[in-house]
Each structure stands twice: as C-alpha cells, then as structure tokens.
Amino acid sequence: MNPDVVKQFGGKLLNIYTGAVLTKLIEIGFQVGLFEGSRAGPATTDELADRLGLKERYVREWLGAMATSGIYSYDPASKRYSLPQEHAALLTGNSAQNLSPMSRMINHFGTHLPKLTACFRQGGGIPYSAYRPVFTQCMDDMWRRIFDQLLVSGFIGVVDGLTDRLRQGIRVLDIGCGTGHAMNVLAREYPKSTFLGYDIAEDAIARARAEAKEMGLTNATFEVVDVTDLPGDPTFQLITAFDAIHDQKAPDSVLRSAQRALAPGGTFLMIEFKFSSRIEENVANPFAPMYYGISLMHCMPVSLAVGGQGLGTVWGEQTARRMLGEAGFGNVSVLDTPRPQNCMFVATH
Ligand SMILES: C[S@@+](CC[C@H](N)C(=O)[O-])C[C@H]1O[C@@H](n2cnc3c(N)ncnc32)[C@H](O)[C@@H]1O
C-alpha cells in the first residue's frame, strides 16, 4: 500500500464530502435569495441579512462556508463578503448558465436514499409519483432557462431546414413535455405551427396549460397521455423528446410509437445526455459520475418501479442509435448542442 496514494485519496474524499455539503448550502442560497441579494454588492453579515429579511446568525454561518470554499470572497478590513461577478454568472439570473437550480434537484434525489438503498436488496424502484411535485418544479427551474435561451437558436436552429418548416406551419408533438415550456416558447416563436405536449404528470400538464393561457397562445395544447403507445393518426412533422426517453418504462415502445406518429419527411428530435454506451469511454468525461448518480437516484428507479427496462441516463450514443434503428428510423445523425453534456439525435424515416 502506498501511503501517498492513501493521503491523496483522503484529499479527494474531503473534496467530495465538502461538495456534498456545499450543494445543500447552494440550494439554501438559491431558495432564500442569498445569491441574488449579493448582486447588489459587498455586504457584512448584518447588511446581507437586512437586505433579504433573513436571520443574521444563519446568514453568517452560511457565508463562513461560502467564503472559505472560495464561492464568495471576504475582506477582513471591512468585514464584507462579496460574490464575484464571474461566480454570480453561474449562480444567479434567468440564463441557462445559472446552475443553482441543479442543487435543489440533487438534494431532492438525496431525500429518497432509504428507499433507494432498500432497492439494492429488494429490487423494484421508486415511482415517479414519489418525486413529485418537487421534481416537477426542479425540472422546470432548470429547463425553462435552457429553453428560453437556447431552444430556438441552439437546438431547433442547428437542424437543417427545421426553422423554415416551423415558420411555414407544421404540426409538432413533444413527448414527456413536463411543464410544457419548450412547446410554449416555440408556439410564441412560430405562430403558424401547432404544438401539442403529452406527459403522464397531471401537475406538469396543469402548469403547461396555465402558462399557454398566460402567454395568450392559441396554438399550444397539452394532454395527460402515456406516450408508450401513441396512435399513428394524426401524424406530426416534428416530434421532440427533451430528456424524456431514457427514464421511460418502455423506451423501445415509445420510440416505435414516435416513428409511427411521424409524417413522411418528418423529423424526430431527441435531446439526451452525451455519453458513450461503453463505460471505459466515459471515464475521462467530467460529467459522467454525476449523471450515473442522477440516473441511479432517479431516472433508473422510476422506470424499474413500474417493471420497466431501467435504461438509465447514460445509455449512450451506441445504444440510442441501435434502438432508433430498431424502432424503424432509417436515418440518424447526432449533433452537438450548446450544452456540452447534451447531444441531439435527429432521426427520420
Ligand atoms: C426528465 S423529465 C423531462 C421533462 C421535460 N421534457 C423537460 O425537459 O423539462 C421526463 C418527463 O417524462 C414524463 N414521462 C415519463 N414516462 C412517461 C410516459 N410513459 N408517458 C408520458 N410522459 C412520461 C415524466 O412525467 C417527465 O415529465
């Protein structure tokens, strides 16, 4: 045994546990507005607490962790803490760069640990319903920002000819649409096209409908539908699935169903996580441990809970290509997206 390696690994474990604790504290900062409140400039613990109507003692302890971890800087002369603007860029605001909503999702998954641990011995899974309504809110917090900033130009815009077809007017279906923001954004952008969103989650569909109404959209509708078996009629010129295939009970049936529901010349757009199906090719990928973990804590057990295939978030490009082929898609290409952890499968008949 090499004592230097033991020491090194001890350091790595310290970072891992520190990251776990800070993830919880980032969620607190996100929930009570500490990051947003810090944008107004450097503040003492009293000043920041006053700014936000919070209890100073709690804010002080939180800032202790923020300053010693390097998320905030601290000036001993003025006793003021500041959130550098480069850090604020990733923890505040409505842009897709704001990563603080991710902390809530990770922490929420952690609340299911006793059930997950039991699954290792007993099998089975954790049903989707156990994660709601927090999951619905977390997904919305993360993806709404992504859709607002990147959907039109970064996802739709890079698929050859798709923007023109949407401008002219086509029928679009989003499977596993969650709170529907993607369809609502596209419905506003392309008024000649019609947009339909399906999801099994009633809370998510209610929110999607409410938002469409708020936005005054007449070309976006949402239904509670299990997408495992879509009718082939009517057909759609564009079917999208944003992060919604790998956690299905029967992803193979969903893909076959999508293929049947696609009009001739139509496009199936599947946004997934950019991994290889071979673990050895993911070892150097910095996103891999997190997404294997997210898969284990949510995407895989929700599928296994209903006797599903439990494909997992890291099913990878090779498996996805094979399954798209088996579903009847003759032509599949894989495009990069503005988010390095995602890729986009563009499939046609
Ligand atoms: C990871 S979420 C993605 C939600 C949304 N596309 C987004 O990007 O925010 C996956 C969604 O698929 C839905 N879903 C899972 N199985 C489904 C099924 N069989 N039929 C319809 N929706 C399903 C879930 O309820 C959930 O909203």
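Counting convention: from 1, in listed order, for ligands and their atoms alike.
- Nearest non-hydrogen protein atom to atom 20 (N) of ligand 1 is Val227 N, 2.9 Å.
- Taking the six-membered ring for Trp and thresholds of 30 and 60 degrees, Tyr81 and Tyr74 have ring planes inclined between 30 and 60 degrees apart.
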Between side-chain atoms of residues 176-185 and protein atoms elsewhere (two or more places apart, or another chain), which donor-acceptor pairs fall under 3.5 Å?
unit_1	atom_1	unit_2	atom_2	d
Thr179	OG1	Asp140	OD1	2.5
His181	ND1	Arg144	NH1	3.3
His181	ND1	Glu211	OE1	2.8
His181	ND1	Glu211	OE2	3.0
His181	NE2	Asp148	OD1	2.7
Asn184	ND2	Ala208	O	3.4
Asn184	ND2	Glu211	OE1	2.9

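- Within 6.0 Å of CD in Glu61 there are 12 or fewer heavy atoms belonging to other residues, nucleotides or ligands.
- Ligand 1 places these atoms under 4.0 Å from at least one heavy atom of Asp247: 1 (C), 10 (C).
- Proximity to Phe242 (heavy-atom distance under 4.0 Å) selects the following atoms of ligand 1: 3 (C), 5 (C), 6 (N), 8 (O).
- Considering backbone and side-chain N/O atoms, Met139 never comes within less than 3.5 Å of an N/O atom of ligand 1.
- Classified by interplanar angle (parallel below 30°, tilted 30° to 60°, perpendicular above 60°), the ring pair Tyr291/Phe275 is tilted.
- In this structure, Val254 has no heavy atom closer than 4.0 Å to ligand 1.
- Less than 4.0 angstrom separates some heavy atom of Val225 from each of these atoms of ligand 1: 20 (N), 21 (C).
- Annotation: atom 1 (C) of ligand 1 to nearest protein heavy atom, Asp243 O, 3.1 Å.
- Under a 4.0 Å heavy-atom criterion, Cys177 is in contact with ligand 1.
- The residues Lys24 and Glu27 are annotated as not salt-bridged, no charged nitrogen and carboxylate oxygen being separated by less than 4.0 angstrom.
- For the pair Arg207 and Asp199, the salt-bridge criterion is not met [side-chain N within less than 4.0 Å of a carboxylate O].
- No part of Tyr131 comes within 4.0 Å of ligand 1, judged by heavy-atom distances.
- Between Ala201 and ligand 1, no N or O atom pair is found at a separation short of 3.5 Å.
- If you number the atoms of ligand 1 from 1 as listed, the ones under 4.0 Å from a heavy atom of Asp226 come out as 18 (C), 19 (N), 20 (N).
- Considering backbone and side-chain atoms together, Tyr128 places no N or O closer than 3.5 Å to any N or O of ligand 1.
- Considering backbone and side-chain N/O atoms, Gln248 comes within less than 3.5 Å of an N/O atom of ligand 1.
- Within 6.0 Å of atom CD in Glu202, 12 or fewer heavy atoms from other residues, nucleotides or ligands are found, so the atom counts as exposed in its surroundings.
- Checking only distances, Ile200 does come within under 3.5 Å of ligand 1, N or O to N or O.
- In this structure, Phe329 and His349 have parallel ring planes: the angle between them is below the 30° cut-off, well short of the 60° mark.
- Ring orientation note: the planes of Trp143 and Phe155 are tilted relative to one another, at an angle of 30° to 60°.
- Across all non-hydrogen atoms, the minimal contact from Ala258 to Ile175 is CB-CD1, 4.4 Å.
- Nearest non-hydrogen protein atom to atom 13 (C) of ligand 1 is Asp199 OD2, 3.3 Å.
- Residue-ligand proximity, Thr228 to ligand 1, at heavy-atom distances under 4.0 Å covers atoms 19 (N).
- Residue pairs satisfying the side chain to side chain donor-acceptor pair (under 3.5 Å) criterion with at least one member in residues 188-197, sequence neighbours excluded, are absent.
- For atom 6 (N) of ligand 1, the closest non-hydrogen atom of the protein is Gly176 O, 2.7 Å.
- Counting only heavy atoms of the protein, atom 25 (O) of ligand 1 lies nearest to Arg132 NH2, 2.4 Å.
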